[in-house]
Peer 1: 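Here it is, the structure in full.
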2 protein chains.
Amino acid sequence: MPCKILSDLGEKRLIQRILKKTKNIQYSSSFLNNKSLESLSDDAALLDFGENYLVATADMLFESKHFPKEMNPYQMGKKIVTVNVSDLAAMGAKPIGILISLGLPRDMKLKDFDSLIDGILNACFKYNTPLIGGDTNESDEITLSGTCLGVVEKDKVMMKNSADFEDVVAVTGSIGLAAAGFQYLFKNSDKIKISEEFKKKIIKHALEPEVPLKKAMELSKSGQVNSATDITDGLISEIGELVSSSSKNIGITIYQDKLPIPSEVFDIAQIVKEDPLNMALCYGEDFELLITVKKGKFEGLSENISLKEIGKVNSSGKIEIVYKDGKTNVITPRGYEHMGGAHEKRSNAI
Amino acid sequence: MPCKILSDLGEKRLIQRILKKTKNIQYSSSFLNNKSLESLSDDAALLDFGENYLVATADMLFESKHFPKEMNPYQMGKKIVTVNVSDLAAMGAKPIGILISLGLPRDMKLKDFDSLIDGILNACFKYNTPLIGGDTNESDEITLSGTCLGVVEKDKVMMKNSADFEDVVAVTGSIGLAAAGFQYLFKNSDKIKISEEFKKKIIKHALEPEVPLKKAMELSKSGQVNSATDITDGLISEIGELVSSSSKNIGITIYQDKLPIPSEVFDIAQIVKEDPLNMALCYGEDFELLITVKKGKFEGLSENISLKEIGKVNSSGKIEIVYKDGKTNVITPRGYEHMGGAHEKRSNAI
């Protein structure tokens with residue numbers, strides 16, 4: 001029998017393998033508490049700093065795997081900051097600094113290097129997150145590795161695993177625009193006739209996504225959010241994360257007619273002959289937050305913070321979608337795994 | 001004129017280019033103070049956490065650039081923790097957690113993956129530094145990116161830039177053993193006849209270096225150390241760092257007869273026909289600390305902590321070595337730069 005290789009397992013099982021080993025080790029540390037252990041499977045890690053948590057997340061991006069050829073160095077620089085800040089936002093943490101290690105080809109043009117750094121610093125400034133450190137190395141392809149640090153008051157942290165029965169499921173913004181942008185870029189875009197304004201909008205969502213950080217801070221401060229994660233791997237995949245990480249036997253039902261899918265997604269779907277619902281639910285890269293709000297608190301909360309209700313937490317143990325015609329379907333989270341899988345997936349679990 | 005590429009500049013100038021851009025940005029943050037700005041050029045970054053600094057450092061290692069073919073996955077795992085913990089030790093900070101992002105080939109054997117993780121976790125346990133997060137990705141070669149977090153009381157932090165006139169220059173242990181190990185491995189080792197014990201010792205120094213973390217904590221607590229850095233790029237290069245980062249016009253003189261170069265280094269040097277002094281001063285990878293101790297405090301300090309005095313800080317503005325025969329030479333720090341250079345160099349400056 002040939003020995004097993006990584007692609008036989010896929011990313012999720014590799015992570016589980018690491019977590020299992022990690023959890024066997026006893027450390028003597030006043031910076032770890034029970035929530036720290038729970039956070040190993042969340043968007044970012046929590047360290048106990050008295051009244052606050054220090055929150056830390058790491059994400060690494062490779063040119064050949066994560067950056068479409070349409071992405072310029074400026075956008076790559078923005079992206080490594082964005083993916084890291086997004087994970088902190090999902091925990092309700094305010095970013096306080098980022099470290100970025102760069103692996104760069106020795107024949108990279110200096111002007112591209114300058115653009116990359118400008119992209120990084122532009123995003124750092126936007127999210128008021130100082131670039132405090134890093135490392136530079138020669139490598140065969142552009143490799144960007146970021147670690148973002150943040151703080152959150154202990155009772156305001158938003159975890160993935162704490163959705164409760166009867167919570168309202170909501171998102172912070174529209175879904176599917178990044179997918180529309182990528183479909184436009186990947187599917188022979190010369191033949192797709194759309195207005196310049198429209199094109200600019202969807203491409204920006206695909207290549208220069210932004211994190212709703214201010215909204216995340218407001219949601220955290222409200223104390224009304226039971227659980228949260230960022231929508232980077234597709235809405236259904238993220239809903240699957242909320243369900244599978246919960247210690248209760250929760251289920252989530254979402255309603256097609258409530259999903260905030262902009263008309264641009266339908267337009268592009270028609271042109272490229274894709275299912276718009278599939279684009280909105282499974283593609284990801286939207287960088288909005290998926291949250292569950294305490295029973296009876298959604299209306300008050302959404303008066304001050306723009307949110308879109310899309311479903312409910314229940315005790316079914318399943319993920320269900322109610323279509324416009326009233327029919328209901330049980331859906332399985334589609335994993336977007338790298339190793340042995342079809343599509344990239346980032347994870348902040350170890 | 002062809003446009004410039006990265007190898008035309010070299011790593012140091014690229015870092016300076018980033019630092020210049022970074023320092024132009026104004027952030028609104030209570031976590032930054034003057035020392036945070038100074039720390040941009042130090043081994044690790046400092047964030048203001050009241051009575052303490054939160055200390056953070058990042059280091060990334062690529063299989064093709066940083067891991068000799070003699071290194072196994074277990075040793076690679078240990079190394080990514082070691083290089084990061086070493087930078088915290090150099091600041092006098094106690095590590096509290098590490099995040100490690102992995103880029104791994106999809107055809108990597110599962111048993112090699114397990115060894116890599118075991119190496120990481122063994123080092124984490126050794127330094128009581130929990131693995132708290134990370135990321136896994138598919139990549140063409142093994143790519144390990146670490147970020148280590150630590151804490152240090154504000155008045156106990158050891159900076160690179162604060163050596164003072166008349167300080168005693170000292171190291172925490174012997175120098176040159178890693179160089180001896182690498183020379184043995186690289187120079188047709190079958191032909192080099194040495195005892196198994198001897199071989200084991202030098203190879204361990206080369207492939208599984210260790211950080212004198214306990215000693216670093218004691219030095220920091222003593223309050224007698226004016227400046228410190230870790231010896232990863234070679235003693236002379238690190239002395240150059242202390243001199244060039246100081247705001248005073250300091251110089252450093254070291255004495256050949258005081259250098260703690262073990263007999264193994266001379267033995268190997270003779271066999272492989274290298275200059276033993278060159279091996280000890282310029283190779284690096286020793287992972288000991290280079291420190292300067294306040295005037296009049298060295299004797300008391302070295303009664304409790306094993307240290308080796310190697311020289312003095314003066315006002316010459318130069319780096320000088322006094323040879324055994326009494327002759328003196330001015331030396332220039334040899335840069336070990338990647339891009340356009342001959343040898344790897346890690347830096348924690350941005």
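Note on naming: letters A, B, ... go to the chains in the order of the sequence lines (proteins, then strands), and numbering restarts at 1 for each one.
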Peer 1: Tell me, yes or no, whether the heavy-atom count around B:Asn24 atom CG, taken from other residues, nucleotides or ligands under 6.0 Å, exceeds 12.
Peer 2: yes
Peer 1: Between A:Thr136 and B:Glu11, does any side-chain donor sit less than 3.5 Å from a side-chain acceptor?
Peer 2: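 Looking only at side-chain atoms, B:Glu11 and A:Thr136 do form a donor-acceptor pair, the distance falling under 3.5 Å.
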Peer 1: Do A:Gln16 and A:Arg13 make a side-chain contact, defined as non-hydrogen atoms from C-beta onward lying under 4.5 Å apart?
Peer 2: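 In contact.
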Peer 1: For B:Leu54, which atoms come within 4.5 Å of any heavy atom of chain A: side chain, backbone, both, or neither?
Peer 2: side chain
Peer 1: Do you know the tightest heavy-atom contact between A:Met91 and A:Ala44?
Peer 2: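 Heavy-atom minimum between the residues: CE-O, 3.4 Å.
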Peer 1: Name the member of B:Asp140, B:Asp114, B:Leu149 that forms the most heavy-atom pairs with chain A at distances under 4.5 Å.
Peer 2: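 So the answer, after comparing B:Asp140, B:Asp114, B:Leu149, is B:Asp114.
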Peer 1: Could you tell me which of A:Ser29, A:Ser28, A:Ser30 has the largest number of non-hydrogen atom pairs under 4.5 Å with chain B?
Peer 2: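 Max contact count across the listed options: A:Ser28.
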Peer 1: For the side chain to side chain donor-acceptor pair (under 3.5 Å) test, which of A:Thr232, A:Thr57, A:Thr229 pairs with A:Asp43?
Peer 2: A:Thr229
Peer 1: With only heavy atoms counted, which part of A:Thr129 is less than 4.5 Å from chain B, the side chain, the backbone, both or neither?
Peer 2: backbone
Peer 1: Report which part of A:Ile120 has an atom under 4.5 Å of a heavy atom belonging to chain B: side chain, backbone, both, or neither.
Peer 2: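 Neither part; nothing is under 4.5 Å.
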Peer 1: Looking at B:Ser101, B:Gly97, B:Pro130, B:Ser145, which one has more heavy-atom pairs under 4.5 Å with chain A than the rest?
Peer 2: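 Going by pairs under 4.5 Å, I would pick B:Pro130.
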Peer 1: Are A:Ser86 and A:Asp230 linked by a side-chain donor-acceptor pair shorter than 3.5 Å?
Peer 2: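 Note: A:Ser86 and A:Asp230 side chains meet the donor-acceptor criterion.
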Peer 1: Report, as yes or no, whether the 6.0 Å neighbourhood of atom NZ on A:Lys154 holds more than 12 heavy atoms from other residues, nucleotides or ligands.
Peer 2: yes
Peer 1: With only heavy atoms counted, which part of A:Leu121 is less than 4.5 Å from chain B, the side chain, the backbone, both or neither?
Peer 2: both
Peer 1: With a 4.5 angstrom heavy-atom cut-off, which part of A:Ile25 approaches chain B: side chain, backbone, both or neither?
Peer 2: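 For A:Ile25, side-chain heavy atoms alone lie under 4.5 Å from chain B.
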Peer 1: Can you tell me which portion of A:Leu46 sits under 4.5 Å from chain B's heavy atoms? Options are side chain, backbone, both or neither.
Peer 2: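 The answer is neither part of A:Leu46.
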Peer 1: Could you have a look at B:Phe125, B:Phe31, B:Phe62 and say which one has the most heavy-atom pairs with chain A under 4.5 angstrom?
Peer 2: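 Looking at each of B:Phe125, B:Phe31, B:Phe62 in turn, B:Phe62 comes out on top.
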Peer 1: Using a cut-off of 6.0 Å, state whether more than 12 heavy atoms not belonging to B:Asp107 lie near its atom CG.
Peer 2: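 Counting neighbours around CG of B:Asp107, more than 12 heavy atoms of other residues, nucleotides or ligands fall under 6.0 Å, so yes.
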Peer 1: Quick check on B:Leu99 against chain A: is it the side chain, the backbone, both or neither that has a heavy atom closer than 4.5 Å?
Peer 2: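 It is the side chain, since no backbone atom gets that close.
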Peer 1: Can you tell me which of B:Glu141, B:Lys109, B:Lys21 forms the most heavy-atom pairs within a distance under 4.5 Å of chain A?
Peer 2: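 Looking at each of B:Glu141, B:Lys109, B:Lys21 in turn, B:Lys21 comes out on top.
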